[in-house]
Amino acid sequence: MNEQIASIQSAALELIAAASDERSLDDARVAVLGKKGTLSLAGALIKDIPNEEKAAFGQSLNSARTAITAALEEKQNALQAIADAAALSGIDLTLPARAHPTGSLHPLTLIRDEAIQILRRMGFALADGPEIEDEYHCFDALNTPADHPARNEKDTFYFNSGKLLRTHTSSVQIRTMESSTPPIRIIAPGSAYRRDEIDATHLSVFNQLEGLFVDTDVTLPDLKGTLEYFLREMFGTSTEVRFRPHFFPFTEPSFEIDVKLQIKGQAPRWIEVAGCGMVDPAVFESINATRKDNALDPGKVTGFAFGMGLDRLAMIRWGIKDIRLLIENDVRFLKQFA
Ligand code: PHE
């Protein structure tokens, strides 16, 4: 082998042997095989070599390159093995994997989504309205007289501006009827606020789901059929449902709906779950007066409305005895719904 190339090769192998990490190994690679590396520069000399020596010189170059490349690769593997071992030291790969606990949906979210799903199947679309309402949308337009007890300061949270925290989601009925044209078929889940004394069955913030159906021939059997179907989907096909005459200012006739249910560990009994009724023509009349198209003429349209307590539904579904559990965010309670 050409002497000069032999000494380049041995210097290169020493350099590679001395490399202690990937960085110095890379430096060694460049110093020998790079464009200006020792072996590359030696290779360039081939043109000055007498023709009869060219073949031998070329062979020397090739075998040096092969040896150096092999040494680089071997060293690279060795360094990688050392790095792998260091990364794994102190880790016991036989230990079981660490658990990553994930959260879960809140029971109120679960019951709300289930209710929405059932009602959407029947063609109800989602609607929305503000929680800070005015008296017109919360009471007046809902045919609720000024001296009605629900409007009392003892029962309702008023702001100095005269606005209030909506006491029910029925205000969304009004907002929807102001802005859309029959047929109207909407549901509106959301918060409602009352100045109730807080106890096991009352909170000052609770959740309702409002429903409204307005068209030309909506009848009481439509209301009954819709809500019976809904409650049986919710609580089982054999659930008994009862419509009990009641009074709401904005529906006539009006009913409270009870379902006969057996809460875990209790005897079966009738439990009130919703209020409902046929939209009072006076409600259509007052909204119609604000529209130019006469689309809510009480002589042309009829409708039904209902409002139910989602907290109540959740408590029934899971046998929750204290409504406060729904807002305390105690993980021991919440993780049961995971
Ligand atoms: N808004 C009534 C309540 O909060 C429920 C209801 C809604 C009744 C729609 C009739 C029609 O008690």
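Residues: numbered from 1 along the sequence shown. Counting starts at 1 for both ligands and their atoms, in listed order. All values below were derived from every heavy atom in this structure, side-chain atoms included, with hydrogens, water molecules and symmetry-related copies excluded.
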- Message: Side chain or backbone, does His168 bring an N or O within less than 3.5 Å of an N or O on ligand 1?
- Response: yes
- Task: Record the part of Phe306 in heavy-atom contact with ligand 1 below 4.0 Å; permitted values are side chain, backbone, both and neither.
- Result: backbone
- Item | Pairing of Arg332 and Asp330 as salt bridge, 4.0 angstrom limit | yes
- Relative to the heavy atoms of Ala305, which atoms of ligand 1 are at a distance of less than 4.0 Å? 9 (C), 11 (C)
- atom 12 (O) of ligand 1: closest protein heavy atom, distance to 0.1 Å, is Phe248 CE2, 3.8 Å
- Item | Contacting atoms of ligand 1, where contact means under 4.0 angstrom from a heavy atom of Gly307 | 6 (C), 7 (C), 9 (C)
- Determine, for Arg151 against Asp140, whether the closest basic-nitrogen to carboxylate-oxygen distance falls under 4.0 angstrom. yes
- Query: If you measure from each heavy atom of Glu256 to ligand 1, is any distance below 4.0 Å?
  - Reply: no
- Task: Could you state whether Phe206 and Phe306 fall into the same hydrophobic cluster, counting links through intermediate Ile, Leu, Val, Met, Phe, Trp or Tyr residues with side-chain heavy atoms under 4.5 angstrom apart?
- Result: no
- Atoms of ligand 1, numbered as shown, that sit under 4.0 Å from any heavy atom of Gln173: 9 (C)
- Can you tell which part of Ala192 has a heavy atom less than 4.0 Å from ligand 1: side chain, backbone, both or neither? neither
- Basic-acidic side-chain contact under 4.0 Å: Glu228, Lys224: yes
- At what distance, to the nearest 0.5 angstrom, does CD1 of Ile271 lie from CD1 of Ile257? 14.0 Å
- Derivation and outcome, side chain to side chain contact (heavy atoms under 4.5 Å, CB included), residues Leu227 and Phe304: CA-CA 11 Å; Leu227 288 170; Phe304 69 70; 5.6 Å; no
- Item | ligand 1 contact by Gln208, heavy-atom criterion under 4.0 angstrom | yes
- Query: Do Asp21 and Arg23 sit within salt-bridge range, that is, some charged N less than 4.0 Å from a carboxylate O?
  - Reply: no
- Message: I'd like to know if Cys276 contacts ligand 1, where contact means a heavy-atom distance under 4.0 Å to any ligand atom.
- Response: yes
- Query: Is the Phe248 to His168 ring centre distance short of 6.0 Å?
  - Reply: no
- Using a strict cut-off of less than 4.0 Å between a Lys/Arg side-chain nitrogen and an Asp/Glu carboxylate oxygen, indicate whether Arg166 and Asp128 qualify as a salt bridge. no
- Does any N/O atom on Arg194 come nearer than 3.5 Å to any N/O atom on ligand 1? yes
- Task: Give the numbers and elements of all ligand 1 atoms closer than 4.0 Å to a heavy atom of Ser170.
- Result: 1 (N), 7 (C)
- Just heavy atoms, cut-off under 4.0 Å: does His246 contact ligand 1 by side chain, backbone, both, or neither? neither
